Amino acid sequence: MLKSNSKNVGIAKSHEVAPGGIRQTSHGPRPALALVSAMQDARTDGVVLMGAAGSGRRAAFEEAISLLAARPQIMHLTGSKYAASMQYGVLSFMLAQLDDGQASTRHELVHGLADLLCRDGQRTIVTLGAPDLVDADSAAILGQLAAMEKIFLVAVCEKLADLPTDLLALYRAGRLTSIAVHRMAFSETRAYLETELGGPISTFAAAGLWHLTRSNRDLLHQLVRDLVASGKLALKDECWVFVPGGLRVGPATRAHVTRTIAALDTSELELIELLASGGPIETARLRGSEWEPPVSGLRSRGLVDVGEMPRGTVRLRVPLLGHLLRDRMELQQDPKMDRLLSKVYADPRAARVLAEVNSMLELGNLEALVAVVEEYALNGGYAPEVWNSSPKWQMTILQAEIDALMTLGRHGRASASISRAAETLSVSLEQNPEDVSLYEMFQSLQVIKARMSIADGSPAAVERILQVAVTGGEKAELNAKKNSALDDSAVLEAVESSVWASEEVHFRAMAVQAEAWALSDRPQEALTLVARIDGDLDGLRMTGVLDQVMSDQQCADIECAMLRVQLVTGAWREAGNRARSLASGLYSDPRSINFGATMVGILGALSGTADAALGTLLPALAQLNVTSGPAQRNLVEAAVAYCFSDQERNSEAAELLLGNRPVLEREFPLGFSNWAAEVLSSLSIANLNGSATAMNRLNVLAGQARSANCVMLELGTLATALRLGQKEAARRILEVVDAKFGTVAQGYLDMAQSVLTDDGPALGSAIEHLAEMGHSLYAVESGNEMWSILGNKERRRVVAAGNRSRQIDEAGVPNQPDENGIERENPAWIRELTKREAQIALRVIEGMSNAAIARLSGVSVRTVEGHLYQVYSKLQVRNRQELADLDQANHQTVLAP
């Protein structure tokens, strides 16, 4: 069909375009700028705008049109099965506008359309959607009109193979330029969502929507409106968050399903519904069935993906389609679906449960997930015969249940579920001792047990459990318990052993062993093992076989485990890099994206960059306030409280601290989350009430870390106490540190020795060394009692080191470098302001708007305006320009000889 959007005169012929044809703009999407450039290129008759459906092709085109000085005439053509079945089908509406005499011959038809579409020498822009469904005669005429410079053709497709022969020839002749429009990255999707919603959105909600829609702009646009209307996406504490519950969408989103399936034949529709009901299907199960032929067609339309892992699977490309199709099928209650499921799934009931579990994970409905799995287990879900028929599905369901229970803080129930599964799996192994898949599940279950032992505060048990995994059986477990103190050779054999049933289980075993070593007196060995895992994963990735070894989700889980190792061992620079990589959407799993982003915020708080940290942590706290996850919520609350106290928002900090109990009063064992929560709470208390109470809490925490033999957390605690002025902590550091603990521990040792000897230059060097490794808090003056030992030269050096090494740039009160990178003294006018007012004033001078300052600082625009009013009043300036002039005048005075 054809639509004319405008009767305005279009762009001139390419060789007649004036240089000023584009409105000047400081930014714009790269595809849009490329499209405008092509419109002005005399050698170009059109473009091929390539990208997946929903990738933003329409947005790129509309942006390009908006950049033109005058809006041209535009006509939209779209191919279809009906149009492809008849001559000139896609041109029928245009042909109807010609006089009878103008279309009697092919030559007259072309010239008649040329006169219609290029009046007064101005070309019409003609877009052609679904070019693979355009008849050959229409394509030939469009190509001819483009070559005659009567139209500027924009063919919109997913790949070049979609172009009709005549248009493909025009492309190969260099007359059509290809422009790729890639699907939005996670950061782009989040920015798009915040524009749509008019405010910040939590990382988990943004990642969930990105994953559900595969960043399809059309779907996102409609889905966001439906979820806001239904309450699934709710505004809490000035941030949009996912609330527990299912997807409740409106007619417009449901119509997407209707449009998607309308053009499918019976076998195609059945395969799509099977994938929605039971999840990915192994290609081997489809071979020879009526559903094998439709796979290639569905794949070419962007409805399914065919992957390598596990064992070649077919899955829905857009997860949201699975959610909507399941809702549709539940309403229809088609009795034949159970029969169809049994043809392609070894265990249809397990497949359905797993599909439901995955959908709940995508939406963050952990309580519902636990309830579904519990009902499944009560109805024989983990029975021995079920392990025999679908071992991998049983283990995947179990892993999801254990992860959910641990996140909810229900460790007892998690242990009970593991014991129940171990019992039935043992029976299944006795019945089928030669079954390799069952043995792999046995090893996988041992790795889950090892993870559980870490969560329960018993990392030392990991070595014994992994030894059982590679030797196998109950008898081996009893022998291992009798010889609980394994020597290093036995431990290394368990980690290095070649008898692991799969590379995926081996990777998980190495990751859990690294976590256990990190939480003991073997931090360097933990980091060495992390380096090995990284190297092995990179090797698999470079050779293109990683997806044959592990799924995206399994890779994400291992990355999160390695991040926890780096956090505990103090390798914070490397941890920050990994956390940012996860937060950027390295894997499509919303939970790993959310975990990475949260850890970026935590590291920001621990580095003394309060404002930047709040930009991440406040949305995270808003999300945690509507979902369960006590350990992470305690951590984020403590971090936000510390950031508030650093910004002199004391009442808000105190309110958060009231609900954050000391670590010894919680049920959770010591790990990075609980350690960081206690350290950040203690720092907040020091800011609010003085250091005495804070140091008492830190002493208790250090004692608990010593009892657990977790040397790096003990050293980190003592170093924090030393920063607050407790010299006794320096002596205790000297007692604990061993050369084998690594460079961070050596930095703590150097700092402690310098404090005990009042050696300012040595202390400055030690703090610089720690800052280089991501421990920038020691390079911040506020609340730092070690500062008195440093001379002026050392202070400037330390501040510069802290500014250089901070993972997140913070435009705060510390001395700012000029355009040449030279540190300059704080301007004199800063002394007239509070710390908070000074931070806002500096941001205003940098050119930030009130809204941008509010978002970065985690406050409302009204609060920023209030602080700015105080700044103007104290400094006796009237506006932003006068404030900038004052700063510039002060800078020139400082530089004057």
Side-chain angles (χ1 to χ4, degrees), residues 1-6 10-11 14 31-32 34-36 38-39 41 44-65 72-98 106 109-110 112-114 116-118 122-181 218 263 300-302:
M1 296 297 292
L2 175 149
K3 295 181 289 185
S4 177
N5 278 6
S6 172
I11 58 173
S14 300
L35 182 53
V36 174
M39 291 176 181
D41 189 344
T44 303
D45 297 329
V47 300
V48 183
L49 200 57
M50 291 189 296
S55 60
R57 298 172 302 188
R58 181 191 301 175
F61 177 78
E62 291 175 353
E63 178 71 14
I65 296 303
Q73 178 169 294
I74 303 170
M75 290 187 174
H76 296 299
L77 304 176
T78 303
S80 67
K81 286 184 177 180
Y82 174 74
S85 66
M86 54 187 297
Q87 188 182 32
Y88 305 136
V90 79
L91 303 177
S92 57
F93 183 74
M94 279 197 295
L95 295 178
Q97 300 181 48
L98 301 179
R106 171 76 171 264
L109 186 151
V110 170
L113 289 175
L116 177 68
L117 297 172
C118 192
Q122 300 297 323
R123 295 190 297 176
T124 294
I125 296 177
V126 176
T127 69
L128 179 63
D132 55 324
L133 296 176
V134 172
D135 65 283
D137 290 309
S138 293
I141 287 178
L142 289 171
Q144 192 171 349
L145 289 169
M148 293 167 61
E149 295 189 334
K150 301 301 182 181
I151 65 172
F152 185 87
L153 182 63
V154 180
V156 183
C157 59
E158 291 199 12
K159 52 189 181 300
L160 286 173
D162 293 337
L163 292 178
T165 303
D166 286 272
L167 299 187
L168 187 60
L170 203 60
Y171 167 78
R172 288 172 175 165
R175 303 301 299 181
L176 296 182
T177 300
S178 65
I179 299 175
V181 182
D218 297 334
S300 66
R301 291 183 221 175

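The shown structure was predicted, so the numbers you read here are calculated from the model rather than taken from an experiment.
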Item to complete: Flag the pair M86 / D135 as yes when at least one side-chain heavy-atom distance between them is below 4.5 Å, and no otherwise.
Response: no
Worksheet item: Hey, does L128 have a side-chain heavy atom less than 4.5 Å from the side chain of L167?
Response: yes
Practice prompt. Might you point out which heavy atoms bring I151 and L142 nearest each other, and give the distance in Å?
Written response: CD1-O, 3.7 Å
Discussion item. If you define the side chain from C-beta out and look only at heavy atoms, does anything of F61 sit under 4.5 Å from I125?
Written reply: yes
Item to complete: Drop me the distance from D45's CG to F152's CZ, to the nearest 0.5 angstrom.
Response: 8.5 Å
Worksheet item: Which value, rounded to the nearest 0.5 Å, describes the distance between Q87 atom CD and S92 atom OG?
Response: 12.0 Å
Response to the item:
Rounding to 0.5 Å, atoms CG (L168) and CG (L163) come to a distance of 5.5 Å
Item to complete: Inspect the surroundings of CZ in R175 and state if more than 12 heavy atoms from other residues, nucleotides or ligands are less than 6.0 Å away.
Response: yes
Item to complete: Supply the atom-to-atom distance M75 CE to L116 CG, rounded to the nearest 0.5 angstrom.
Response: 5.5 Å
Practice prompt. Can you see which heavy atom on V156 is nearest to which on P131, and at what distance?
Written response: O-CD, 3.1 Å
Discussion item. To check you understand the geometry: which heavy-atom pair defines the closest contact between L170 and G143, and what is its length?
Written reply: CD2-O, 3.9 Å
Worksheet item: Are the side chains of L95 and L113 in touch, meaning some heavy atoms are under 4.5 Å apart?
Response: yes
Worksheet item: So, do M39 and I65 sit near enough that their side-chain heavy atoms are less than 4.5 Å apart?
Response: yes
Item to complete: Please step through side chain to side chain contact (heavy atoms under 4.5 Å, CB included) for the pair D137 and R106, ending with a clear verdict.
Response: CA-CA 10 Å; D137 290 309; R106 171 76 171 264; 4.1 Å; yes
Worksheet entry | Residue pair L77 / L91, side-chain heavy-atom distance below 4.5 Å | yes
Response to the item:
Between S138 and V90 the two heavy atoms that sit nearest each other are CB-CG1, 3.3 Å
Worksheet item: Between CG of L49 and CZ of R58, what distance do you get to the nearest 0.5 Å?
Response: 12.0 Å
Response to the item:
Minimal heavy-atom distance between A64 and A32, with the atoms involved, is CB-O, 3.6 Å
Practice prompt. Return the minimal non-hydrogen interatomic distance between A146 and L153, and the atom names on each side.
Written response: CB-CB, 4.3 Å
Worksheet item: Going from CE on M94 to CD1 on I141, what distance comes out if it is rounded to the nearest 0.5 angstrom?
Response: 8.5 Å
Discussion item. Do M148 and R123 make a side-chain contact, defined as non-hydrogen atoms from C-beta onward lying under 4.5 Å apart?
Written reply: no
